[in-house]
Colleague: 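My questions all concern the structure below.
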Protein chains: 2
Amino acid sequence: MITVAYSSIGDPTGLVEAITLTGAHAVSIEDEETEWDIALIDLRTEPIQQLREAKRVNEDNGCPIIAIITSSQTTLLESEGWVDDFVADPVDTLELRLRFHRLAGQQAEVETQRYKTLELNLATYQATIDGRPIDLTFMEYELLRYFIEHQGRVWSREQLLQKVWGYDYFGGARTVDVHVRRLRSKLGEERASWITTVRSVGYRFG
Amino acid sequence: MITVAYSSIGDPTGLVEAITLTGAHAVSIEDEETEWDIALIDLRTEPIQQLREAKRVNEDNGCPIIAIITSSQTTLLESEGWVDDFVADPVDTLELRLRFHRLAGQQAEVETQRYKTLELNLATYQATIDGRPIDLTFMEYELLRYFIEHQGRVWSREQLLQKVWGYDYFGGARTVDVHVRRLRSKLGEERASWITTVRSVGYRFG
DNA sequence: GCCGGGAATTAACACTCCATTCACATTCGG
DNA sequence: CCGAATGTGAATGGAGTGTTAATTCCCGGC
């Protein structure tokens, strides 16, 4: 059973009904108790405000976001890559149902991230190499996770600060170096080179 | 400009029109000459047959697949995870346009520049010849990249200093020579001549 | 063909800047 | 208040870069 959180400025009963008709369970986005699989936001009224709210939610718990828009609002989403999917008004229940299932399906897989013999268990925040657990601090874990999820390209210190430490973070670039160093040392001698430094550019994983 | 390949059993003119209205370029899926960004398949008629065809295409070149379905066909796609997106009949041009852009946007990952067997991976700052990595320093990479991106014409030392080293850079012209030399030596004996010196003018690549 | 002079190549060196590392300060939870 | 985690500043070492100068190459003139 899929649980969908709804957010709308206007009358929410329409959304609840739409969700329920798809066979999913509807909860308010303000319900802190319940865990949900997807957030459905209604951009038909107050789109800007709603988008901001959705972005916050997405950054908070990383759940997929699906938006309802009117056909004339398509440009709104052009540059909002973090919105995972959308449906156009009027909402077709069967279409919505299918999109719910596709989003929920994608979600379920990503329990764990791997690179060679390194495995990150995203649910338990544990990391193992060759099955042996290595203990990472929070920031080390976050950095490593970002590296693994976006491996194979260079990231500047500034980009890493933004993506891993947060958009509003304003700290020295040395911070990244030091954390990279700690990570390398915990990865062990041979695996330290998994993180390559690209001189005068940044770091690359894999 | 996004290029979309269409596939339908029935009359294809409807698809062509739909694609063209979104501002994209339409080609037949049977056109072997042209490269396309997305494949649009019409499942409204002969869905089983079309799905099979689409799967073949997807496995062949790995491009994103978007399907057109009727609302009653949603169950068709429940288990077809490799179909990247879909729109329901009747097709809304603006919605289709947005979905095209979102799919094409995801695609653009591996930016790369080539010349013969030389390949620059712009994302990872790595260079390979015949698939073997060669390690270049930052300036060597930047210079080579400029050469490849603007191959086939002569550049004076002054121009290169300005374009590669930066507008405000003020250094001796010999600097370029030396970097060209280092590049040539790293390219290897046979490929050293890819950079031609044009006496009393400058250098040309390719 | 042989010079001569300008231009490019090459080698060697000096220096700059960047990554690393260490040591310490600060924050946070218990 | 303690210890762990995280951030910052400063010292160090080294790779990368630029410059100088010696050498070689090219090309026209005689």
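Note that these values count all heavy atoms, side chains included, but never hydrogens, waters or copies made by symmetry. Here is the naming used below: chain letters follow the sequence lines, and residue numbers restart at 1 for every chain.
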Colleague: Among Tyr146(B), Phe205(B), Phe147(B), Tyr203(B), whose ring-ring contact (aromatic ring centres under 6.0 Å, His included) with Trp155(B) holds?
Modeller: Tyr146(B)
Colleague: To the nearest Å, give me how far apart CG (Leu136(A)) and C1' (dT6(D)) are.
Modeller: 14 Å
Colleague: Rounded to whole Å, how long is the line connecting atom OH of Tyr141(A) with atom C1' of dT6(D)?
Modeller: 19 Å
Colleague: Figure out the CG/C1' separation between Asp177(B) and dT20(D), and round it to whole Å.
Modeller: 13 Å
Colleague: Hey, is Lys186(A) close enough to Glu140(A) for a salt bridge, meaning N to O under 4.0 Å?
Modeller: yes
Colleague: Rounded to the nearest angstrom, tell me the gap between atom CZ in Phe138(A) and atom C1' in dG7(D).
Modeller: 15 Å
Colleague: More than 12 heavy atoms of other residues, nucleotides or ligands under 6.0 Å from CD of Glu78(B): yes or no?
Modeller: yes
Colleague: Just call it for Val180(B): base, sugar-phosphate, or nothing, with non-hydrogen atoms closer than 4.0 Å on any strand.
Modeller: nothing
Colleague: Is Trp165(B) near enough to dT17(D) that one of its side-chain N or O atoms lies under 4.0 angstrom from OP1 or OP2?
Modeller: no
Colleague: Quick one: Ile195(B) CD1 to dA8(C) C1', roughly how many Å, whole number?
Modeller: 14 Å
Colleague: Thr175(A) side chain: which of dA19(C), dT8(D), dA8(C) is closest?
Modeller: dT8(D)
Colleague: Below 4.0 angstrom from OP1 or OP2 of dA11(C), is there any side-chain N or O of Arg181(B)?
Modeller: yes
Colleague: Would you call Arg52(A) and Glu46(A) a salt bridge, using N to O less than 4.0 angstrom?
Modeller: no
Colleague: If you compare every side-chain N and O of Arg184(B) against the phosphate oxygens of dT9(C) (OP1, OP2), does one of them come in below 4.0 Å?
Modeller: yes
Colleague: Which of these nucleotides, dT17(D), dG9(D), dT20(C), is closest to any side-chain atom of Val178(A)?
Modeller: dG9(D)
Colleague: Do Tyr141(B) and Val201(A) pass the side-chain contact (heavy atoms from CB on, under 4.5 Å) test, and can you show the C-alpha distance, the side-chain angles, and the key distance before you say yes or no?
Modeller: CA-CA 11 Å; Tyr141(B) 186 94; Val201(A) 182; over 6 Å; no
Colleague: Tell me whether Asp130(A) is salt-bridged to Arg132(A), with the criterion being a basic N under 4.0 Å from an acidic carboxylate O.
Modeller: no
Colleague: Applying a 4.0 Å non-hydrogen cut-off, can you work out what Arg182(A) is touching in the nucleic acid: base, sugar-phosphate, or nothing?
Modeller: base
Colleague: Does Arg204(A) form a side-chain contact (heavy atoms from CB on, under 4.5 Å) with Gln126(B)? I'd like the steps, not just the answer.
Modeller: CA-CA 11 Å; Arg204(A) 176 187 56 230; Gln126(B) 278 172 323; 3.1 Å; yes
Colleague: To the nearest angstrom, how far is Met139(B) atom CE from dT16(C) atom C1'?
Modeller: 14 Å
Colleague: Does Thr137(B) make a side-chain N or O approach to OP1 or OP2 of dA15(D) shorter than 4.0 Å?
Modeller: no
Colleague: Tell me the interatomic distance from Arg157(A), atom CZ, to dC17(C), atom P, rounded to whole angstroms.
Modeller: 16 Å
Colleague: Considering just the side-chain nitrogens and oxygens of Arg199(A), establish if one lies under 4.0 Å of OP1 or OP2 belonging to dC17(C).
Modeller: no
Colleague: Please determine whether a side-chain nitrogen or oxygen atom of Ser200(A) lies at a distance below 4.0 Å from atom OP1 or OP2 of dC17(C).
Modeller: no
Colleague: When the C1' atoms of the five terminal pairs at each end define the local axes, what inter-axis angle does the helix from dG1(C)-dC30(D) to dG30(C)-dC1(D) show, to 10 degrees?
Modeller: 30°
Colleague: Which nucleotide in the set dA8(C), dG7(D), dT20(C) lies at the smallest distance from any side-chain heavy atom of Arg174(A)?
Modeller: dT20(C)
Colleague: Identify whether any heavy atom of Tyr203(A) sits under 4.0 Å from a base atom; if not, whether one sits that close to sugar-phosphate; answer base, sugar-phosphate or nothing.
Modeller: sugar-phosphate
Colleague: When you compare the side chains of Tyr125(B) and Glu142(B), does any donor N or O come within less than 3.5 Å of an acceptor on the partner?
Modeller: yes
Colleague: Less than 4.0 angstrom between a side-chain N/O of His179(B) and OP1 or OP2 of dG18(D), yes or no?
Modeller: yes
Colleague: For Lys186(A) and dA4(D), give me the distance from atom NZ to atom C1', rounded to whole Å.
Modeller: 10 Å
